[in-house]
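What follows is a short report on a single structure.
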Protein chains: 2
Amino acid sequence: MRTGYQDIKADILDKIRQNLWPPGAYLPGEIELAQSYGCARATVNRAMRDLVDDGVLERKRKAGTRVKAVASQNARFAIPLVREEIEATGATYRYALVERQTRAAPGWLRARVQLDADTQVLELRCMHFADNQPFQLEDRWINLDTIPDARHQSFEAISPNEWLVREVPFSKADLSFAAINATPEMSDFLGAAPQDAVFMAERSTWMDHRNVTHARLYFHRGYRMMAQF
Amino acid sequence: MRTGYQDIKADILDKIRQNLWPPGAYLPGEIELAQSYGCARATVNRAMRDLVDDGVLERKRKAGTRVKAVASQNARFAIPLVREEIEATGATYRYALVERQTRAAPGWLRARVQLDADTQVLELRCMHFADNQPFQLEDRWINLDTIPDARHQSFEAISPNEWLVREVPFSKADLSFAAINATPEMSDFLGAAPQDAVFMAERSTWMDHRNVTHARLYFHRGYRMMAQF
DNA sequence: AACGGGTTTATGTTCAGTCATAACCCGCGC
DNA sequence: GCGCGGGTTATGACTGAACATAAACCCGTT
């Protein structure tokens, strides 16, 4: 019986599922477990740390390790580039720039992401197609104070998303999802009926506490976002 | 200069942001980094493993470690119990069972989650209120082959979600989100106008490849699901 | 009984070293 | 020139040990 940390993880999960260690119960200490598995404490430690990461266990120094009372399941999902999401289905991706202008940041955006009153933004509207069917309408504002290079980018061939991912690697973002009724304008772009329910994602991206960009993504009718855990 | 694994993580991220290690570039090997940081290889290893976990790096044995070319940002967010989500806002939570019946699994569900033709399910409809305002309408089907105990639960005081989390800890699930137009029935429950856009989450839960339950959650008008990474 | 400080203890982190494993690479044989 | 196999090497996993740290707990004082 090889006891790698993965085996230990599996065994702990088994014990939890068999209700030997019900939610809220304390597990034996690392030393004790290491003895019973016949491995080093570090190995048990790694297994348990992983399980904390997965949202299964809770640990506190001295107090010990317990099974999380409520399984606040940690869903974890990747937000791919639109292009990748489309190409993954086998469809042909097409991008189109609809509008592009430089302007002072609108009030709602200044409030939302804490910009100065005189911040200039590049405002873009783009469409993403899958097999020439409307897939996503993207409204985007790029902070020109933070990313001055964007001023000289036409964004006619490359989508702002894709350009930004290359230029501004690994920033923080916050993300929200909602359902809204299509405005007449949106339904024109997305080929939806007026009032159709539209899945919307809104994302703000930050680098060192400075806002980089804000985007509103409107998906085609019937879009489903999927995740698993 | 203390070089804990967190300091190393931070330093690597800094270097990436400063474009010293652009996307796709290979990082120095663990041994080399350990020397330059003046720490053990295991410490560098842990920092790098963490960064893989965060979706920043890609590692392959022998090949080496590289900055992920596209930041397929791993959003990771917790799906809390409705009750907790509501109570976190300071509102008072109220639960109500609307309907409860045992029946053969409907065809669409059998197809969706691979059930036998004669599988019995417990079909439930519940409402969740925040400060007496409709918050979420829940349609749920519990597989009685997998969870026979559910047959004897009235679900009048405790929501099926909460009960299941206690009974069936740490199962796998897949999850999808969509926007739909409210049916007249849904708008009655949710206090929405007919045709209002409704945010819907659909979740299937599995234990050892057997389906446990399937749920459709319809949120109140204007609901926003939030995540960050 | 309430409070405060010291002790104990379980986890957190790091270390140096070993073995395992995957994959690139180079050279041999054809 | 091509394919195959072994050598090299970078990461992956594990060990046993040590020290750090936070917090629970005990105990003595007020």
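Chain identifiers are assigned alphabetically (A, B, ...) following the order of the sequence lines, protein sequences preceding nucleic acid strands; residue numbering begins at 1 within each chain. As the structure is a computational prediction, the values presented were derived from the model and not from experiment.
Residue A:Glu30 contributes atom CD, which lies 15 Å from atom P of D:dG16 at whole-angstrom precision. Rounded to whole Å, atom C1' of D:dG12 lies 15 Å from atom CG of B:Leu57. Spacing between atom OH of A:Tyr26 and atom C1' of D:dA23 amounts to 11 Å, rounded to whole angstrom units. The CD1 atom of B:Ile8 sits 7 Å away from the P atom of C:dT14 (whole-angstrom rounding). In this structure, CD of B:Glu58 is placed 19 Å from P of D:dA10, rounded to the nearest angstrom. The distance between atom NZ of B:Lys60 and atom C1' of D:dT11, rounded to the nearest whole Å, is 12 Å. For the pair A:Arg61 CZ and D:dC25 P, the interatomic distance rounds to 17 Å; values are reported in whole Å. Taking atom CZ of B:Arg59 as the reference point, atom P of D:dT9 lies 18 Å away to the nearest angstrom.
Set against C:dT11, C:dC24, D:dG16, the side chain of A:Ala42 has D:dG16 as its closest nucleotide. The side chain of A:Thr65 approaches C:dT11 more closely than any other nucleotide in the set C:dT11, D:dA13, D:dA24. Of the candidate nucleotides D:dA24, D:dA13, D:dC14, D:dC14 has the atom nearest to the side chain of A:Thr43. Of the candidate nucleotides C:dT13, D:dG16, C:dT21, C:dT13 has the atom nearest to the side chain of B:Tyr5. With distances taken from any side-chain atom of B:Ala40 to the nucleotides C:dC15, C:dT13, D:dT11, the minimum falls on C:dC15.
Comparing A:Cys39 and B:Pro28 along DNA chain D, the residue whose closest nucleotide (by nearest heavy atom) sits nearer the 5' end is B:Pro28. Between A:Gly38 and A:Lys62, the residue whose closest nucleotide on DNA chain D is further toward the 5' end is A:Gly38.
With A:Trp141 as the aromatic partner, A:Arg125 does not meet the cation-pi criteria of under 6.0 angstrom to the ring centre and within 45 degrees of the ring axis. Remark: B:Arg216 is positioned above the aromatic ring of B:Trp108, its terminal NZ or CZ atom under 6.0 angstrom from the ring centre and at most 45 degrees off the axis.
Side-chain to base pairing of A:Arg66 with C:dT11: no donor and acceptor N or O lie closer than 3.5 Å to each other.
Contact annotation: A:Asn45 side-chain N/O to C:dT13 OP1/OP2 distance is not under 4.0 Å.
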Carefully, step by step, assess B:Asp116 and B:Arg110 under the rule side chain to side chain contact (heavy atoms under 4.5 Å, CB included). CA-CA 7 Å; B:Asp116 295 331; B:Arg110 287 211 314 273; over 6 Å; no
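Salt-bridge check for A:Asp11 with A:Lys15: passed, with a basic side-chain N closer than 4.0 Å to an acidic carboxylate O. By the 4.0 Å N-to-carboxylate-O rule, A:Asp145 lies too far from A:Arg210 to be salt-bridged with it.
Residue contacts for B:Arg46: at a heavy-atom cut-off of 4.0 Å it reaches the sugar-phosphate backbone alone, with no base atom in range.
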